[in-house]
Amino acid sequence: MASNGTLDFTGPAGRLEAILTRPESLPVAAAVVCHAHPLHGGMMHFKVVFRAAKALRSAGLAVLRFNFRGVGRSEGVHDHGSGEQGDARAALFEMQDRFPGLPLVLGGFSFGSAVALSVAARDARVGAVFALGYPLPGILSSRGTPAGRVPRNPPGLRQPRLFVQGENDEFGSGEALRALVEPLPPPREIVVIPGADHFFDGHLDALQGAIAAWAERRPWDNGQRAASGAGFTPA
């Protein structure tokens, strides 16, 4: 039976607050979902993050969504992307310990998507990665929003990737996202939600459906980087 439970785990800066969602049957993989920018209201309870977790659970994954350092009950202070990558790696270790031998999936929304891609590029445990409302290079800083020390399109990212973008995303339109992603090496998938903005307001069902459809195909089975105990390259 599907279930949710709150938990704490230890990150580089101390306690990290999280919610673990289990599917109705034995999980086929274990996922971590990262939230949007902590200085702009991002948290694990955000609608996009909740819908992502719900979609992954429906596809048979166990899902951990957590608060970055300095958000909610999580200890530490915001670190402009660098420390948050350490938080995401700690979340992967937590899921690896709880679900040994299962493939690991990592993703996030907005700022969290950039964190996820950066971590996945250096962590061979990650079998597939997804980015929702991906902030395009230069967009955040040009709007006076701290972009953080998170590289965009990090080199070494070869896992199967899903990008879901709103057509009218103010931090990077669907058209701009396609231009950025299509030249990247496969496997990668791009879904542009017609009429949607950065927060997918009024289009959360379409977002959830896109994530669920991708996860149901078990993209981690097609990746060359398996998620069974491999290590990561330190930053």
Under 4.5 Å between side-chain heavy atoms, hopping through other hydrophobics if needed: is there a path connecting [X] to [Y]?
X: Leu56; Y: Phe200; result: yes
X: Met44; Y: Leu16; result: no
X: Val115; Y: Phe50; result: no

Would you say the side-chain atoms of [X] pair up with the backbone N or O of [Y], donor to acceptor, closer than 3.5 Å?
X: Glu75; Y: Arg69; answer: no
X: Arg57; Y: Val63; answer: no
X: Arg22; Y: Leu20; answer: no
X: Asp197; Y: Asp169; answer: no
X: Asp87; Y: Ala91; answer: no
X: Glu84; Y: Gly81; answer: yes
X: Gln165; Y: Leu132; answer: no

**Request:** Taking atom types as modelled, find out whether Ser74 and Glu17 have a side-chain donor-acceptor pair closer than 3.5 angstrom.
**Result:** no
**His198 and Ser110 side chains, donor-acceptor separation under 3.5 Å** = yes
Just wondering, do [Y] and [X] contact through their side chains at under 4.5 Å, heavy atoms?
X: Leu61; Y: Trp220; value: yes
X: Lys54; Y: Gln208; value: yes
X: Leu180; Y: Tyr134; value: yes
X: Val119; Y: Leu92; value: yes
X: Ile193; Y: Glu167; value: no
X: Val33; Y: Leu64; value: no
X: Leu177; Y: Leu136; value: yes
X: His45; Y: His35; value: no

Return the minimal non-hydrogen interatomic distance between [X] and [Y], and the atom names on each side.
X: Val71; Y: Pro38; result: CG2-CB, 3.6 Å
X: Gly108; Y: Ala116; result: N-CB, 4.1 Å
X: Arg158; Y: Arg161; result: O-NH2, 4.0 Å
X: Val105; Y: Ala29; result: CG2-CB, 4.5 Å
X: Glu189; Y: Val191; result: OE2-CG2, 4.0 Å

Calculate, to the nearest 0.5 Å, the distance between atoms [atom1] and [atom2] belonging to [X] and [Y] respectively.
X: Phe163; Y: Leu184; atom1: CZ; atom2: CG; value: 6.0 Å
X: His203; Y: Asn168; atom1: NE2; atom2: CG; value: 8.0 Å
X: Phe171; Y: Ser113; atom1: CZ; atom2: OG; value: 11.5 Å
X: Leu102; Y: Met95; atom1: CG; atom2: CE; value: 8.5 Å
X: Asn67; Y: Cys34; atom1: CG; atom2: SG; value: 11.0 Å
X: Phe66; Y: Ile19; atom1: CZ; atom2: CD1; value: 12.5 Å

**Message:** Does Arg15 have more than 12 heavy atoms from other residues, nucleotides or ligands lying within 6.0 Å of its CZ?
**Reply:**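 Yes, CZ of Arg15 has more than 12 neighbouring heavy atoms, counting only those of other groups under 6.0 Å.
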**Message:** Does Glu175 have more than 12 heavy atoms from other residues, nucleotides or ligands lying within 6.0 Å of its CD?
**Reply:** no
**Request:** Dump the intermediate steps for ring pair (Phe, Tyr, Trp, His ring centres under 6.0 Å) on Phe68 and His78, then the final yes or no.
**Result:** CA-CA 8 Å; Phe68 282 126; His78 177 63; 8.4 Å; no
**Item:** Member of His40, His37, His80 meeting the ring pair (Phe, Tyr, Trp, His ring centres under 6.0 Å) criterion with Phe111
**Value:**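 Result for ring pair (Phe, Tyr, Trp, His ring centres under 6.0 Å) with Phe111: His37.
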**Item:** Identified side chain to side chain contact (heavy atoms under 4.5 Å, CB included) partner of Leu106 from the options Val126, Asp123, Leu117
**Value:** Val126
